[in-house]
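This structure is a prediction, so every number in the text was calculated from the model and none was measured.
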Amino acid sequence: MSNPVSEINTQIKEIIMAALGRAVADEVLAAEPVPAFGIETPADTSHGDFASNVAMVSAKAFHMAPRKIAELIVERMDLTGTYVERCEVAGPGFINFFVSRSYFSSVLRDIQKDGEDYGKSDYGKGERVMVEFVSANPTGPMHMGNARGGALGDCLAAVLQAAGYYVEREFYVNDAGNQIQKFALSLDVRYQQIFKGEDAVELPEDSYHGADIMDLAKEFAAIHGDSYMNKSEEERRQALVDYALPKNIAKMKADIAKYRIEYDTWFLESTLHNSGEVMEVVNILRDKGLTYEKDGATWYKATEFGGEKDEVLIRANGNPTYFAADIAYHRNKFSTRKFDTCIDVWGADHHGHVARMKGAMDALGLDGSKLKVVLMQLVRLMENGEPKIMSKRTGKAIQLADLLDEVPVDAARFFFNLREANTQMDFDLGLAVQQNSQNPVYYVQYAHARICSILRQEEAKKYNLSEVTDAALDRLAAPAEVELIRYLSSLPNEIIAAAKEYEPARMTRYVMELASKYHKFYHDCRVLNDSDPELTGARLVLCDCVRAVIANVLNMLKVEAPEHMASQDEE
């Protein structure tokens, strides 16, 4: 898999190191170790395609002014057989490198060769990574926060895969503990109200008030009638949960599938209790002297491992806490399933949980630094410039299913990746359904469809793009062409950066900028030109490479790359 920028950087480093070797042999520089130096793309590429700070960082080692060092290096550079055409010293000692036209042509050749794999790398070396995201309680429908978490988590997993990691996606189903008890109580009250009336049985304030609870109770009653009214509370509630929970989980899976997310594993919390892993974790911590008994409960000394306060693991009634189960779950990921890195996508309200969970991994003898947490801020749904009211307690939450009924999946997934996870965002319903350049996803898809439209034209079909010569590609020298190719070359490193920073929003920004640069090129450079078939062939290759890269990025985001759009069939 090709990485043009990495390859030219390696070539430039070899040129520099060879020149330094000659300078030492000529005894104009001392035989000292060369400090690590960088090669980067300057903000203003008129000063060079690449630049190095080698002379700047070597000043102390060589006891010489950086500019003098740079001059000695440049004097001894051999550029034979490289993509570097010339170099020069700039400012206090930077070395600027200008590459030949053949370098830019080679970028297009790489894209043609790699096709759907262009942008991928082996940076991650197959390291095993688990990305756990959404993991909504199965006690009710998924909401807007889950919609953002789903898009972020799924696209982050895709970015990591493209960067060479082995990745699994996981949904953690909280089918045990207090939430399920509250779910059972809420169903029970609604079931009894069907036969006794709402005034006869009060629904507690802290229970679930959503319409979905009433619907499930009515479905259960339609099947069983009032036969459970005379049974014990425990038996009635268990029957209600056994009926309702699988239906909720099935609904979750259906909504997630509609959102184009495919999980490798749906992990049930109950399996941790049934297998004894929760109590095993408690016993490990107890054996390490990290627990104590107080008020009939078992406490974990969380403050010894970065927690703000000690935490209860086993309540006085003998039931494990959610925290105990969560420790067991993360231990299962690291110790049982042998993931090297585990990434959790959590709501920002869980920020206090980060340090204590990392600390718990350290307490177990695992490496808490290998647990990475992406904290996600809230989403505000906007309509006609006004926020849509959301209240889970009153049952007026904006559900994921409702959102996908109003907004195309492409728009939802793209919009939720427009901002970094740690920033609050407004989701504009009106903008998401617009079919114009104001809509970011439409703008990008428009660029892809425009290229497909060009390639469908009879004039374009005359050209076999695989037979366009290097000499023809070397003619792509107009500023808009060079800038476009330069940007195409940066995709592999952009994916690596997104993977390293756990920031899939970099990919939406990248593809939006690519579409913008393509539209500028299309405006500045006539693609189909009967009077210059050689240049036409080269520009068609450039168009096709942009098409391929847009499609590759959209595929990572699981957003469609349409070949036809309204008003797009003719250009």
Side-chain angles (χ1 to χ4, degrees), residues 134-150 171-259 266 268-270 273 319 321-322 325 347 349-350 378-379 381 388-406:
V134 180
S135 298
N137 285 324
T139 53
M142 288 182 289
H143 52 78
M144 284 287 288
N146 304 138
R148 187 180 193 187
F171 190 115
Y172 182 51
V173 183
N174 302 123
D175 65 333
N178 281 345
Q179 298 291 344
I180 297 301
Q181 293 175 15
K182 186 186 293 187
F183 185 51
L185 180 150
S186 305
L187 288 166
D188 186 16
V189 170
R190 290 305 194 191
Y191 175 70
Q192 292 185 61
Q193 286 178 345
I194 292 171
F195 301 101
K196 293 183 176 181
E198 290 191 17
D199 294 337
V201 189
E202 185 178 356
L203 187 65
E205 178 61 28
D206 65 345
S207 59
Y208 296 121
H209 289 241
D212 57 296
I213 298 293
M214 177 61 81
D215 292 340
L216 288 166
K218 287 179 179 177
E219 291 173 15
F220 183 85
I223 297 170
H224 299 285
D226 64 356
S227 62
Y228 277 86
M229 291 295 291
N230 297 322
K231 297 185 184 294
S232 69
E233 178 182 279
E234 181 180 1
E235 185 177 355
R236 184 170 60 248
R237 291 186 179 182
Q238 188 61 54
L240 282 158
V241 169
D242 288 345
Y243 171 78
L245 195 60
K247 290 183 74 69
N248 274 5
I249 293 174
K251 177 67 164 58
M252 280 178 153
K253 290 183 175 181
D255 289 345
I256 284 293
K258 186 176 180 181
Y259 204 29
W266 290 73
L268 301 179
E269 179 189 345
S270 57
H273 296 276
N319 292 331
T321 60
Y322 177 81
D349 56 333
H350 288 72
L378 295 173
V379 180
L381 191 65
K388 266 202 166 188
I389 303 300
M390 294 182 285
S391 173
K392 191 172 184 181
R393 180 62 53 82
T394 60
K396 294 180 181 177
I398 305 300
Q399 299 178 16
L400 171 61
D402 295 335
L403 177 70
L404 297 182
D405 285 341
E406 291 192 42

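Of all heavy-atom pairs between A184 and V241, the closest is CB-CG2, 3.5 Å. The nearest pair of heavy atoms linking G140 to M252 is O-CE, 4.3 Å. When all heavy atoms are compared, the tightest approach of K196 to A200 is O-CB, 3.4 Å.
Residues passing the side-chain contact (heavy atoms from CB on, under 4.5 Å) test with E233, sequence neighbours excluded: D188, R236, R237. A search for ring-ring contact (aromatic ring centres under 6.0 Å, His included) contacts involving F183 returns nothing, not counting sequence neighbours. For the side chain to side chain donor-acceptor pair (under 3.5 Å) test, no residue two or more places apart in sequence or in another chain qualifies with R148. Partners of A401 according to the side-chain contact (heavy atoms from CB on, under 4.5 Å) rule, which considers only residues two or more places apart in sequence or in another chain, are K251, D255. Checked against side-chain contact (heavy atoms from CB on, under 4.5 Å), I249 has the following partners two or more places apart in sequence or in another chain: P138, V173, L245, K253. Under the rule for a side chain to side chain donor-acceptor pair (under 3.5 Å), the partners of S135 that lie at least two apart in sequence or sit in another chain are E132. Under the rule for a salt bridge (Lys or Arg N to Asp or Glu O under 4.0 Å), the partners of D405 that lie at least two apart in sequence or sit in another chain are K258. Scored by the side chain to side chain donor-acceptor pair (under 3.5 Å) test, E198 finds no partners at all (sequence neighbours excluded). Scored by the side chain to side chain donor-acceptor pair (under 3.5 Å) test, D175 finds S270 as partners (sequence neighbours excluded). Residues passing the side-chain contact (heavy atoms from CB on, under 4.5 Å) test with P204, sequence neighbours excluded: L185, V189, D206, S207.
Distance check, rounded to the nearest 0.5 Å: CG of L404 to CD of Q399 gives 11.0 Å. From M214, atom CE reaches atom CG of L203 across 8.5 Å, with rounding to the nearest 0.5 Å. Of the inter-residue distances, the one linking I213 atom CD1 with L187 atom CG reads 5.0 Å to the nearest 0.5 angstrom. Rounded to the nearest 0.5 Å, atoms CG (N137) and CD (E269) are 9.0 Å apart. Rounding to the nearest 0.5 Å places CD of Q193 at 9.0 Å from CD of E202.
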Practice task
Report the C-alpha separation of K182 and T139 in whole Å, then their side-chain angles, then the decisive distance to 0.1 Å, and conclude whether the side-chain contact (heavy atoms from CB on, under 4.5 Å) test is met.
Solution key: CA-CA 9 Å; K182 186 186 293 187; T139 53; over 6 Å; no
For residues 215-232, dump all side-chain donor-acceptor pairs below 3.5 Å to protein atoms at least two apart in sequence or in another chain.
residue : atom : partner : partner atom : Å
E219    : OE1  : Y243    : OH           : 2.8
S227    : OG   : H224    : O            : 2.7
S232    : OG   : E235    : N            : 3.1

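Taking 4.5 Å as the limit, every side-chain heavy atom of N178 sits out of range of all side-chain heavy atoms of Y322. Looking at heavy atoms from C-beta onward, Q179 lies out of side-chain contact with N174 at the 4.5 angstrom threshold. Two residues are said to be in side-chain contact when any heavy atoms from C-beta on lie closer than 4.5 Å; W266 and I256 meet this criterion.
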